[in-house]
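All remarks here apply to the structure that follows.
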Amino acid sequence: MTAADLLDFARGPALWFSLLVLFAGSAWRVAATFRLGTTPDLAEPRSTRLLAGALRGIFGRMITKPEFRRGRGFGAVNGYIYHIGLAVIAFGFLPHILFVERLTGLAWTSLPGWVVYLAVGPTFIALLLALLYRMTDPVLRLLSGFDDFFSWFVVFLPLLTGMAAIDGWSPAAAPGAAPIYPGPLAIHLLSVELLFIWLPFGKLAHAFLAFISRGMTGASMARKGAVP
Amino acid sequence: MDTFATQSPLFEDRARAVLASVAAPDARRAAQEFVAQADRDAAFQLDACVHCGRCAEACHFYLVTRDPRHTPVYKLRPMLKAWQRERAPFAALRRWLGLTPPAVTATELSEWSELLYDTCNLCGRCTGACPMGIDIAGLVRRAREGMSVAGFAPADHYKAAQRALDTGSPIGLRWPALKRQIEIQEKETGLKIPVDAEGADYLVILSSIEIVGFAETIGALARIFHQAKVSWTVPSVGFEATNIGVQMGSRDVAAALLSRIVEAALRLKVKYVISPECGHAYSALRWEGPNLLGMAYPFKVVHIVELLDQLVREGRLKTRGKDNRRLAFHDPCQLVRRGGVIDEPRRLLAGVSNNTVELPSPGVANFCCGGGGGVSAIHRAEPLRFAAFACKQQQVEAAGAEALVTACANCRNVLEEAIEQYESTLPVLGLTELIAQYLEPDPPAALP
Ligand code: SF4
Ligand code: SF4
């Protein structure tokens, strides 16, 4: 198999398969839990503004309340760095947008190249520190298992392979044109596909579960008149 | 009412069956209940943890011991395992791949009895800190259902539940004891305390700790209600407000105990039931009760602090003079953080204090007294609970408080015990009593 064949595979069957697993798996992860159902709450509510409570839960918890900032500040700041960094790289980098456009027809304005390049360094370091922190902190060591380390790996790998593939990309090339180095690009794509395949099964599913969990707690707290 | 009366013995029978489980602990039964407890909302939360460890820093037990096992979400491990094994979204796939987590064992559950009971006040501070919005305290409450029904709750909880079912009170206190206290308070205040008065507006129930340790609260209520012209009564049956069932995590025991209060309310045809100064009693009666009994109440539940605040705002309750000490309010977790009664106690306190100070992280981020969630009823947990009090003690010192005021008799009792352990003399006051102390005196009776 040549590098070009590998790229065809990564752009073709592997991509479609990984997307299928990503969407079907995620849908099942939500649906299987949703169908468990719940019993209606018979206690008289103090407030019926449940949606407002859910939204406060969802958005309010994006930033830790000052009272709870004591301890683990490093983990929190580091977490912001790699979440924002990954978002900048994944959604702001022009080739990624062109790739999505080719697949779906959807496109948006890219960030200037230097912003994306600047985000790579801190993201890379923050992810490495996150791993180190997980391996050395007694609480995180106790909580962590295969899922935690594998999830870290499937996030780190695309960053690494992406850095290797970047050489072959030129902003001047037409979208979909044959890349100069198909091998690294194929490997980068395959690593992203591994992330897609793993996402619904492990803790990366917090990408959507976080909103559901925060929303539910927010609504139930609001019902009692407590702070969501 | 009739339907309810026919259901009551059922609650009682089921509760006694739960207590019998202590004779033969059964890990499989516990696992079944863990899975049953993971309904939609609970399961989404169990599933959302990213193992970030933030909840550890919120929990006073972890903060004082630095034992990683005291990380709040770790306390849920057996429940999580059982759910992942049986009901999680990809449980069948895992089984097919041979990746199913092992079944929970009796040894494991005995170890977790300490983690789920001795080191958790159900205070919900961790819930506030979790970036994923996981209500860890709510999940611990659910996990306790599995533990208690299968014989893994602390022995002290089964004993207290037995006493509560047999006598009406977790410490074995019966009506004659309350009657005596009522008579003493009637003498002290010169006011009649109505007992079993059918058709009264408000039913006053009490906690055993109040009756035994802070009986002046009864006199305080009599004086307050006299001034505010509130029609009220105390029931001779169903007067105990605390609920060991909610603390040990048994819905059956909780329902049996709650049904006695509801029966009293229905019998006396009251419009309101007042939850006394007790955090978990409020939570049991106000938020859990209707769901445990399967009925919306035909009466309303108010916490005494809510009612006092309402009476002050309506101008029916007037105070005169103020306390000059630096008073800090200790927030009962179930009332404030988890019950939504946040501003009322502070408004009331400001009305009778010239010098209110806030502890660091007040209100929804307060530290528990260390004895909530049934911990104060576990004898073996005493050293840990006193150790956990260090968090509160530091806050009291930082604020320079000269006295603590609270609205929960259990908090008050636990705080007093811990303060004594720390060789301090900080007074702890009940809010209701404090208000009564500053009541505007009655105008002199007009001459005939
Ligand atoms: S804070 Fe929340 S997400 Fe983080 S470890 Fe605790 S329960 Fe899990
Ligand atoms: S509810 Fe309170 S005591 Fe229990 S784990 Fe959470 S912070 Fe700790």
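Small disclaimer: the values here were computed from a predicted structure and weren't measured.
Between the side chain of A:Lys224 and the backbone N or O of B:Arg338 there is at least one donor-acceptor pair closer than 3.5 Å. Panel note: side chain A:Arg61, backbone B:Met132; no donor-acceptor pair is recorded below 3.5 Å. Judged purely by atom type and a 3.5 angstrom limit, B:His51 uses its side chain to pair as donor or acceptor with the backbone of A:Leu143. Side-chain atoms of A:Thr217 do not come within 3.5 Å of backbone N or O of B:Ile134 as any donor-acceptor pair. When atom types are taken as modelled, the side chain of A:Arg214 and the backbone of B:Pro131 share a donor-acceptor pair closer than 3.5 angstrom.
Considering only heavy-atom pairs separated by less than 4.5 Å from chain B, the leading option among A:Arg223, A:Arg134, A:Met221, A:Lys65 is A:Arg134. Ranked by non-hydrogen atom pairs under 4.5 Å with chain A, the options B:Arg337, B:Arg125, B:Arg69 are led by B:Arg125. Comparing A:Gly145, A:Ala226, A:Ser213, A:Ala32 by how many heavy-atom pairs each has under 4.5 Å with chain B, the most go to A:Ser213. The residue among A:Val227, A:Ile212, A:Leu204 with the most heavy atom pairs within less than 4.5 Å of chain B is A:Ile212. Chain A forms more heavy-atom pairs under 4.5 Å with one residue of B:Gly339, B:Gly138, B:Pro290, B:Ser361 than with any other, namely B:Pro290. Heavy-atom pairs under 4.5 Å with chain B were tallied for A:Leu42, A:Leu36, A:Thr39; the largest tally goes to A:Leu42. The candidate with the highest count of non-hydrogen atom pairs below 4.5 Å against chain B, out of A:Gly37, A:Pro138, A:Gly75, A:Ala31, is A:Gly37. Contact count against chain A (heavy-atom pairs under 4.5 Å) is highest for B:Arg77 among B:Arg77, B:Arg87, B:Arg94.
Between atom SG of residue B:Cys49 and atom CG of residue A:Asp147 there is a gap of 10.0 Å, rounded to the nearest 0.5 Å. Taking OG1 of A:Thr33 as the start and CD of B:Gln45 as the end, the distance is 11.5 Å to the nearest 0.5 Å.
Contact of A:Asp148 with chain B is made through the side chain alone, with heavy-atom distances under 4.5 Å. Heavy atoms of A:Pro40 lying under 4.5 Å from chain B belong exclusively to its backbone. No part of B:Ala42 comes within reach of chain A, as not one of its non-hydrogen atoms sits under 4.5 angstrom from that chain. For chain A, the nearby parts of B:Arg54 are the backbone and the side chain; heavy atoms of each come within less than 4.5 Å. Using a 4.5 Å cut-off between heavy atoms, B:Ile342 contacts chain A through its side chain alone, with no backbone atom that close. Heavy atoms closer than 4.5 Å to chain A are found in the side chain of B:Tyr62, but not in its backbone. For B:Val341, the parts sitting under 4.5 Å from any heavy atom of chain A are the backbone and the side chain alike. A:Pro228 does not touch chain B: none of its heavy atoms, backbone or side chain, sits under 4.5 Å away. Residue contact with chain A, scored on non-hydrogen atoms closer than 4.5 Å, involves the backbone and the side chain of B:Ala129 alike. For B:Leu63, the part lying under 4.5 angstrom from a heavy atom of chain A is the side chain only.
Residues A:His206 and B:Ala48 come closest through the heavy atom pair CB-O, 4.2 Å. Nearest heavy atom pair, residue A:Phe68 against residue B:Ala58, reads CD2-CB, 4.4 Å.
Heavy atoms from other residues, nucleotides or ligands lying under 6.0 Å from OH of A:Tyr80 number more than 12. The neighbour count for A:Phe74 CZ, taken as heavy atoms of other residues, nucleotides or ligands under 6.0 Å away, is above 12. In the displayed structure, A:Leu128 atom CG is contacted under 6.0 Å by more than 12 heavy atoms of other residues, nucleotides or ligands. Within 6.0 Å of atom CZ in A:Phe149, more than 12 heavy atoms from other residues, nucleotides or ligands are found, so the atom counts as buried in its surroundings. No more than 12 heavy atoms of other residues, nucleotides or ligands sit less than 6.0 Å from atom CH2 of B:Trp96.
Classification of the A:Phe201-B:Phe90 ring pair by plane angle, with boundaries at 30° and 60°, yields tilted.
Residues A:Arg46 and B:Glu306 are paired through a salt bridge, judged by an N-O separation under 4.0 Å between the basic side chain and the carboxylate. Between A:Lys203 and B:Asp47 there is no salt bridge, since no side-chain nitrogen of the basic residue lies less than 4.0 Å from a carboxylate oxygen of the acidic one.
Contact annotation: the side chain of A:Val30 approaches that of B:Phe44 to within less than 4.5 Å [non-hydrogen atoms, C-beta and beyond]. Side chains of A:Met216 and B:Arg40 form a contact here, defined as non-hydrogen atoms less than 4.5 Å apart. Counting heavy atoms from C-beta on, the side chains of A:Glu44 and B:Tyr297 never come closer than 4.5 Å.
A donor-acceptor contact closer than 3.5 angstrom is absent between the side chains of A:Thr38 and B:Asp41.
B:Glu57 pairs with exactly one of A:Arg70, A:Arg69, A:Arg72 by the side chain to side chain donor-acceptor pair (under 3.5 Å) rule, that one being A:Arg72.
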